[in-house]
Each structure stands twice: as structure tokens, then as C-alpha cells.
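A short write-up of the structure that comes next.
Note on naming: letters A, B, ... go to the chains in the order of the sequence lines (proteins, then strands), and numbering restarts at 1 for each one.
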Amino acid sequence: MTKEHLINLTSLKKNQHAVIVAITAGHKPAKRLADMGLTPNTPIMIVRKTLFCGTIEVKVRGSNLILGKSIASKILVKKI
Amino acid sequence: MSDQKINIALAGYANVGKSVIFNHLTGLHQHIGNWPGKTIEKAEGTLHYKGHTIDVLDLPGIYSLSTYSLEELITREYIISAKPDFIVNVIDATNLERNLILTLQLLELDKPMILVLNMVNLLKRSGIIIDFKKLELILGIPVIPVIAIQGKGLTESLDRGINLISQEPNPNALPYGKEVEDRIKQLCQILQNTDLPYPKRFIAIKLLEKDAVIEKHLAQSNREVLEKAQQLNLELEKIHGHNSSIVIADERCHLASQIAKQVMTVTKPEKISAHEALDILTGHKIWGYPVMIAILGLIFFTVFKSGNYISSAIQQSLSGFQSYFYSVFGNSVLTALAWGGIASLIALIEIALPYILPFYLFLFFLEDFGYLARAAYLMDHLMHKLGIHGKACIPLILGFGCNVPACLSCRIMETQRERFITGLLTVFIPCSAVTVIVAGLVGKYLGIGWALGLYFLVFLIIFILGKVVSIITPGEPTELIMEMPSYKFPHIKTIALQTWFQLKEFIYIAAPIVIISGIIIEGAYWAKLLTPVNDFLAPITVQWLGLPAITGTLLIFGILRKELILVMLASILGTADFSKALSQTQMLILALVSMLYIPCAATIAALYKEFGWQKALLITVFKIALAIVAGGLVLRLLNVLNFHSF
Ligand SMILES: Nc1nc2c(ncn2[C@@H]2O[C@H](COP(=O)(O)OP(=O)(O)OP(=O)(O)O)[C@@H](O)[C@H]2O)c(=O)[nH]1
Ligand SMILES: [Mg+2]
């Protein structure tokens with residue numbers, strides 16, 4: 001995979017699917033996400049976003065999570 | 001094995017129904033609702049079942065057994081130190097895959113365990129079919145489908161758990177990938193007697209996960225193990241390219257996903273359900289906001305209208321009671337005192353109950369339905385401007401009911417700083433008792449527009465306050481990561497029960513306080529003690545705030561419970577027709593001051609518990625000062641604008 005294909009979660013649109021490639025957040029939030037099932041290679045879907053690219057609701061492993069803007073921007077994904 | 005004492009612990013993700021099960025088993029009433037993070041402290045209860053005495057432990061929901069948050073560490077230690085005879089791992093059947101990640105960790109504790117697959121009644125709606133028997137075969141522990149809210153499957157769970165006690169725990173080995181398993185084995189081999197209460201395999205895995213607490217514990221006794229672990233971690237990181245703690249988490253996710261795939265089939269339902277449609281509307285990026293305002297508006301409108309109606313009806317039916325009372329018992333100091341108590345009780349029933357009960361019904365409905373999490377999602381952006389994040393909305397909305405549980409629920413915020421800011425803002429939210437004052441004075445005599453205006457003013461103050469506090473206590477807000485619960489149509493019985501507990505609190509706590517306060521005021525009146533108190537406070541109440549002198553006494557009683565302000569006024573006046581004693585301006589100012597001034601005694605206690613006495617004192621003093629300043633300023637503003645008052 002070349003670097004160009006990597007985008008962060010916030011730039012996906014509603015209903016788009018992607019696969020997590022890396023999480024560039026600090027150790028604690030990254031561990032939290034991993035504990036909740038967001039690890040590299042996990043498929044992820046955007047359920048909805050609030051206005052102004054704010055908060056994102058995603059579907060991961062069959063259930064929904066909400067992610068703040070700053071953590072979402074640290075989740076790098078590639079579109080599928 | 002009858003009359004045996006058994007300990008069990010309920011463990012699992014947040015919002016999976018642990019407390020519903022706990023309440024069902026023990027007859028106690030832990031806070032339940034449809035958002036993650038309600039249970040903040042362990043709770044214990046007992047149950048007598050088939051000759052056994054079973055001690056049940058309800059624990060806060062956790063997402064992992066690693067030490068991300070203090071709660072998780074505490075919960076992990078409780079699970080061990082409570083020495084449960086078996087662990088009841090409650091999981092949400094509609095969220096099987098992610099819940100299994102924690103199940104795998106709990107299994108590593110090597111305790112007898114049963115898996116309670118809760119909410120199976122929601123599976124059909126989501127188009128999910130789970131093969132329970134197969135799951136049981138794969139895990140090697142009992143798996144029981146349960147509908148906690150209806151109590152279905154709970155006795156079977158107990159029976160199968162009790163059966164486990166006499167057996168050796170025998171769950172299937174669920175190995176991770178080879179390179180991880182090898183390293184776990186290497187660590188297990190050199191792990192000497194640690195005085196940690198965990199099994200060796202668990203410690204080894206936690207070392208690969210860089211668990212700070214376990215590392216610290218082994219720092220003295222097992223230096224060489226730590227060094228070995230560090231070396232193995234580096235190797236893992238080289239192979240996988242990321243932190244070894246993530247490698248382990250990833251292994252677990254992988255395993256959970258494998259298991260879920262084998263036992264679960266999902267067919268997407270063809271048409272969207274009513275719940276989904278509501279979810280789409282209430283969480284919509286544009287429509288979500290007007291809907292939110294409409295919901296809150298509807299609640300206040302209905303509560304004000306129906307409250308006024310019921311309150312007037314009760315008032316009329318009880319109007320002749322005072323003269324009847326005196327005609328029967330005669331006129332003496334003693335009867336006057338007794339009447340003071342009775343009149344206050346009547347005022348409580350007349351003025352407070354008609355507003356508080358419907359209000360709680362609405363609030364519990366929203367909470368159990370799952371709306372609070374949507375509010376958190378929608379308001380996250382705005383909350384960031386106050387240095388906190390969307391989750392803070394949950395305590396803030398709960399605050400409309402009662403500030404005390406709202407203060408306690410500030411623990412869903414991650415850092416001390418966020419908890420404090422959220423707590424501070426929460427105690428500015430007008431609780432149901434304050435709503436009684438606003439509705440009974442302003443809503444009734446000036447109209448609903450003025451009442452809503454007061455709310456708007458308070459919200460503005462909260463926003464400015466949050467802004468200022470977030471600037472003077474610098475720090476980045478933590479990242480918002482929260483599970484979004486699906487909408488669940490509330491069980492009517494649950495809501496009825498929750499409202500009943502509220503009513504019970506009214507009968508057992510509010511009523512005695514009100515009666516005693518009524519007698520004290522009546523006695524003080526006879527002993528001519530009211531005047532000195534009122535005179536003492538007159539520079540503030542009369543001169544600065546333009547209120548009648550008696551409000552001095554009322555505001556002091558209001559510290560006990562806010563509704564006392566209005567209830568005592570009615571009892572002193574001998575009528576709930578407040579227009580006889582207060583002008584419209586005075587009603588507005590009294591309502592505003594009641595909204596803002598000192599938190600009630602129970603809230604101060606909650607603040608003390610959560611934030612320590614210094615912060616509790618600070619908030620208390622600040623609120624009093626703010627109420628005085630704001631009340632006086634609004635009065636002068638109304639005078640300048642020539643507000644029509646009569
Ligand atoms: N439909 C349905 N809803 C359920 C069932 N069991 C629990 N619930 C609902 O799930 C929600 C969460 O239940 P709780 O018992 O409060 O969850 P908890 O695991 O104690 O949550 P925390 O204390 O926040 O960790 C509540 O709204 C319950 O009404 C069930 O069997 N069916
Ligand atoms: Mg609970």
C-alpha cells in the first residue's frame with residue numbers, strides 16, 4: 001500500500017466503508033480503541049457525522065461507537 | 001449442599017443489563033438506563049435461592065481488564081478480591097463480537113464463569129441469529145440466553161452457575177497466534193511465586209500488554225521476568241510494527257471475531273424498523289437539533305400545563321380544610337403548630353407533586369429509551385467549546401431531574417478536570433424542585449414565555465461559566481470515545497418503578513422535612529423569631545433584590561430542599577395564590593434567585609463526596625454570590641425597561 005491511499009477517518013463520507021490501517025493517537029486512547037475492537041485491519045463504516053466535520057458515528061464489528069473529531073482524525077484508514 | 005454461602009460477581013461491558021439482573025436478583029434498585037456508565041461503584045445484595053445464600057456483586061461496566069481507567073483497575077481487583085464462586089459475564093447479544101473480547105480476558109482469570117447472553121429479545125429486530133449451543137461448545141462454559149428485563153433465563157443461569165462450583169473449571173483453551181502463545185509460555189516458565197492473586201498466564205499476558213500495575217508489582221520480586229518481558233515485547237513490536245499492547249488486543253479481537261463468525265448469522269432486515277427511523281431523525285446532522293429543542297420544549301410545556309391544571313384542582317378540593325381544622329381543634333398555639341405542619345404537607349402535595357412526577361416520567365423515558373447518548377453525540381462540538389466533550393451532556397440532562405445523581409454521574413468523564421467542570425455546570429442546571437418554583441410562580445402568573453426566558457438566561461450563564469472555567473483551568477479535553485446504544489423501547493414497568501422510587505423519596509424524605517420545617521416556621525412565628533432573621537437578610541432580599549422580607553426565611557429553608565421556598569410561602573400565606581403576596585417582578589426575581597443560589601444540602605454533600613470540601617465550598621459561595629448579583633441586575637434591568645408590574 002502506498003501512502004497516498006491512507007486518509008483519516010474524518011475525510012470519509014456517510015455510508016462509506018474503509019479498513020483501519022493505523023492509529024496515530026497516544027498510547028492510552030490507542031489502547032482504549034484497541035480494547036473496543038478498533039485494531040489495524042478492522043473494517044469500519046461511517047454511520048453519520050455531525051455538521052462541520054464534527055463528531056462521527058461509526059459501525060465497527062457490528063455495533064456503533066461515537067468518536068470525537070480529534071480522535072477520528074488520528075485513525076488512518078484506506079477506502080474499500 | 002444446601003444453605004451454602006455463594007458469592008457471584010456480575011461483570012461485563014457497560015450498558016449490557018448487569019444492573020437490571022442485579023435488581024432482579026436482589027430486589028434492590030440500582031440506577032438503570034440506556035447509556036453506558038451508570039453504575040459507578042460496586043453494589044452488593046443478597047438473594048436466597050434453593051437453600052443457598054447468594055451474595056451478588058454488581059460492578060461498573062468495563063471495556064477491558066487492562067488499566068486504562070481507575071474504574072477498570074478497581075473492578076479488576078474486586079473481581080479477584082471478592083473471591084466469587086463464579087463470575088457472571090453479562091453480554092449484549094446484539095453486540096456479540098465486541099463483547100466477546102472482554103469475555104476472553106475474563107476467561108484468562110481462570111475462575112468458574114457463566115456467559116449470560118442478554119437482550120436476546122432484540123436479536124430478531126437486528127436480524128441476528130446466534131447458535132447458543134455452539135458458542136457453549138467453543139468456549140467450554142455455560143452460555144444462557146436471557147431477557148433480563150423480563151427476568152427470563154435468570155434461574156437457569158443461577159442453576160448452571162451453582163453446578164459449576166463443585167466442578168473444576170474446565171473452559172476450552174482458546175490459543176492466540178503462535179508467536180504470541182510462544183512468548184506467553186516463555187514468561188510463564190520463568191514466573192516464580194508472585195504474591196499477585198492472578199493466574200500465571202494472566203500475568204504473562206498482561207506483561208506483554210505492558211500493564212503498568214503488574215509491572216510495578218513485579219519490579220522488586222521478579223526483575224528478570226520484567227526484563228524478559230521487555231525483550232519479548234520488542235520482538236513482538238518488530239514483527240507487527242506496532243506497540244505490543246496493541247498486538248495482544250489485536251489477537252483477542254481476531255479470536256473474538258473468529259468465534260462470532262462461527263456462531264452468528266446476520267441477515268439485514270429489509271425494511272427499517274421504527275426504532276431505526278427514530279434514530280435517523282433524532283441523530284440527524286440538521287434535524288437532530290430542532291428535534292432536541294422540540295423534545296425539551298414539549299416536556300416543559302406539558303409539565304407546566306398539566307402541573308398547573310392538577311395543582312389548581314387539588315387546591316380547590318382542599319380549600320376549605322383550614323377553617324374546618326380550626327373549627328374542630330380550636331385555636332391555640334398547639335393547633336397552630338400542628339396546622340403549620342399540615343399546611344406545609346398540603347402545600348407540598350398541591351404545589352410540588354403535580355410538576356415533579358410528570359417531569360420524572362418524561363426524563364426516565366428519555367433515559368431508558370437511549371436519547372441521552374444521541375444528545376451527547378449532537379452536543380459534542382458545543383461541549384468542546386467548554387473544555388469538555390459530548391458525554392458531559394448526560395450528567396447535564398440528568399441534572400434536570402435531580403442534581404445529586406447528576407453530580408455522581410460526572411464520573412463518566414475521564415479526567416479530574418473534566419469531572420470538575422461538568423460537575424460545576426451540572427449544579428447550575430435547574431432541577432425538578434426548581435422547576436416547581438419556576439412553573440408555580442412564573443409559568444402560572446406571568447406565562448410560559450417568561451418561564452422559558454428564565455431557563456434561557458440560566459443556560460446562557462452556564463455557557464459563559466463553562467467558557468470562563470475552561471480558560472482558567474487549561475487542558476485538552478480527552479477524546480470522546482463512547483458506545484452508542486441502540487434505541488430500546490422502555491419497559492413500562494421499569495419507568496413506573498423508577499417514578500415510584502421518586503415518589504417514595506417524596507414520602508419518606510421530603511414530607512418529613514416539609515412537615516418539620518412547617519412546624520418550625522410556625523413556632524418561630526409565634527416566638528417572634530422570624531422578624532430578626534428577615535431583618536438581618538433585608539439589605540439583600542428587600543433592598544437589593546426588591547423582594548418581600550419573608551423571602552429571607554424562605555431562602556434559608558430552601559437550602560434543605562428547593563421546593564420548600566414555594567411550599568413554605570404557601571403555608572405561611574395560608575393559600576397557594578401567590579399573587580396575593582408577590583408582584584410579578586418579585587415572582588421573576590424570586591424564581592431567578594432560587595434557580596441560581598446555593599445548591600441544596602444533598603447536592604452540597606454530593607459535591608463534597610466527588611470533589612472534596614474546598615471545591616464544594618467554592619461552588620457554594622460562588623453560586624450564592626452569582627444569584628445575588630444576577631437577581632439585582634435583572635431587577636434593575638426590568639425597572640429600566642419599565643416592566644409592567646402590579
Ligand atoms: N430489550 C431489552 N432491554 C434490556 C434487557 N436487559 C437490559 N435492558 C436495557 O438495557 C439498558 C442497560 O441496562 P443496565 O442494567 O442499566 O446496564 P448495566 O450493564 O448495569 O450498565 P452500566 O451500569 O452502565 O455499566 C437498560 O435501558 C435496560 O432497560 C433485555 O433483556 N431486553
Ligand atoms: Mg449498571
Side-chain angles (χ1 to χ4, degrees), chain A residues 1 3 6 8-10 12-15 17 19-77, chain B residues 13 63-66 68-69 72 92 94-99 101-102 105 126 128 209-210 240-243 245-254 256-257 260 264 266 280 283-286 288-289 373 376-381 384 389-390 414 476-486:
Chain A
M1 249 323 108
K3 269 260 181 296
L6 292 190
N8 76 45
L9 199 60
T10 53
L12 286 178
K13 294 200 181 59
K14 193 176 158 174
N15 288 332
H17 292 258
V19 167
I20 299 177
V21 176
I23 292 170
T24 58
H27 178 64
K28 268 196 154 191
K31 179 79 166 82
R32 161 90 329 173
L33 287 175
D35 282 336
M36 292 179 98
L38 281 79
T39 52
N41 294 323
T42 309
I44 188 166
M45 188 198 103
I46 307 287
V47 177
R48 57 188 161 196
K49 297 162 88 169
T50 61
L51 286 179
F52 316 118
C53 264
T55 317
I56 302 186
E57 182 171 343
V58 294
K59 194 177 196 81
V60 180
R61 296 179 191 274
S63 69
N64 295 14
L65 286 176
I66 52 181
L67 300 171
K69 181 182 180 168
S70 68
I71 187 76
S73 67
K74 290 171 195 147
I75 300 179
L76 301 183
V77 297
Chain B
Y13 258 31
Y63 290 102
S64 112
L65 283 184
S66 46
Y68 175 76
S69 67
E72 275 165 349
D92 175 353
T94 62
N95 184 5
L96 181 69
E97 181 173 336
R98 271 203 293 119
N99 274 262
I101 301 173
L102 180 66
Q105 294 194 56
S126 332
I128 301 173
E209 275 185 275
K210 301 188 180 164
H240 291 268
H242 35 253
N243 200 301
S245 70
I246 307 286
V247 174
I248 303 289
D250 189 31
E251 286 285 320
R252 246 183 235 125
C253 292
H254 188 68
S257 155
M264 194 169 87
V266 187
I280 290 171
H284 191 273
K285 62 178 169 188
I286 296 165
Y289 297 96
Y377 164 73
L378 289 172
M379 301 296 275
D380 181 48
H381 199 67
H384 267 278
H389 60 62
E414 284 81 2
E476 275 294 297
T478 1
E479 326 264 8
L480 169 71
I481 306 173
M482 183 176 134
E483 193 123 10
M484 183 68 124
S486 63

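- Between L51(A) atom CG and L378(B) atom CG the span is 9.5 Å, to the nearest 0.5 Å.
- To the nearest 0.5 Å, atom CD of residue E209(B) and atom CG of residue D35(A) are 6.5 Å apart.
- Minimum interatomic distance between N95(B) and S63(A) (heavy atoms only, all atoms of both residues): OD1-OG, 3.0 Å.
- Annotation: side chain of P40(A) is in contact with side chain of I246(B) (closest heavy-atom distance under 4.5 Å).
- Minimum interatomic distance between R48(A) and Y377(B) (heavy atoms only, all atoms of both residues): CG-OH, 3.2 Å.
- Taking a cutoff of 4.0 Å between a charged side-chain nitrogen and a carboxylate oxygen, E479(B) and K28(A) do not qualify as a salt bridge.
- M36(A) CE to R98(B) CZ: the interatomic distance, rounded to the nearest 0.5 Å, is 5.5 Å.
- The distance from atom CD1 of I101(B) to atom OG1 of T39(A), rounded to the nearest 0.5 Å, is 7.5 Å.
- With respect to chain B, the highest number of heavy-atom pairs below 4.5 Å among K14(A), K69(A), H27(A) belongs to H27(A).
- Between chain A and the residues H381(B), E483(B), R252(B), the largest count of heavy-atom pairs under 4.5 Å involves E483(B).
- Shown here is H242(B), whose NE2 atom has more than 12 heavy atoms of other residues, nucleotides or ligands within 6.0 Å.
- Neither the backbone nor the side chain of H240(B) comes within contact range of chain A; no heavy atom of the residue lies under 4.5 Å from a heavy atom of that chain.
- Contact of the T42(A) side chain with the C253(B) side chain is not registered, since no non-hydrogen atoms from C-beta on lie closer than 4.5 Å.
- Residue K210(B) qualifies as enclosed at atom NZ: its count of foreign heavy atoms under 6.0 Å is above 12.
- Residue A260(B): no heavy atom, backbone or side chain, is found under 4.5 Å from chain A.
- Of the two parts of N243(B), only the side chain, counted from C-beta on, holds a non-hydrogen atom closer than 4.5 Å to a non-hydrogen atom of chain A.
- Ranked by heavy-atom pairs under 4.5 Å with chain A, the first of G241(B), G283(B), A256(B), S126(B) is G283(B).
- Within the 4.5 angstrom heavy-atom criterion, no atom of I23(A) approaches chain B.
- Between the side chains of T50(A) and D380(B), no donor-acceptor pair of N or O atoms lies under 3.5 Å.
- Once rounded to the nearest 0.5 Å, the distance linking CD of E414(B) with CZ of R32(A) reads 8.5 Å.
- If you measure heavy-atom distances from I280(B) to chain A, the contacts under 4.5 Å come from the backbone alone.
- L67(A) places none of its side-chain heavy atoms less than 4.5 Å from the side chain of L480(B).
- The candidate from N41(A), V60(A), T55(A) with the greatest count of non-hydrogen atom pairs under 4.5 Å with chain B is T55(A).
- Looking at T94(B), the atoms closer than 4.5 Å to chain A (heavy atoms on both sides) all sit in the backbone: N, CA, C or O.
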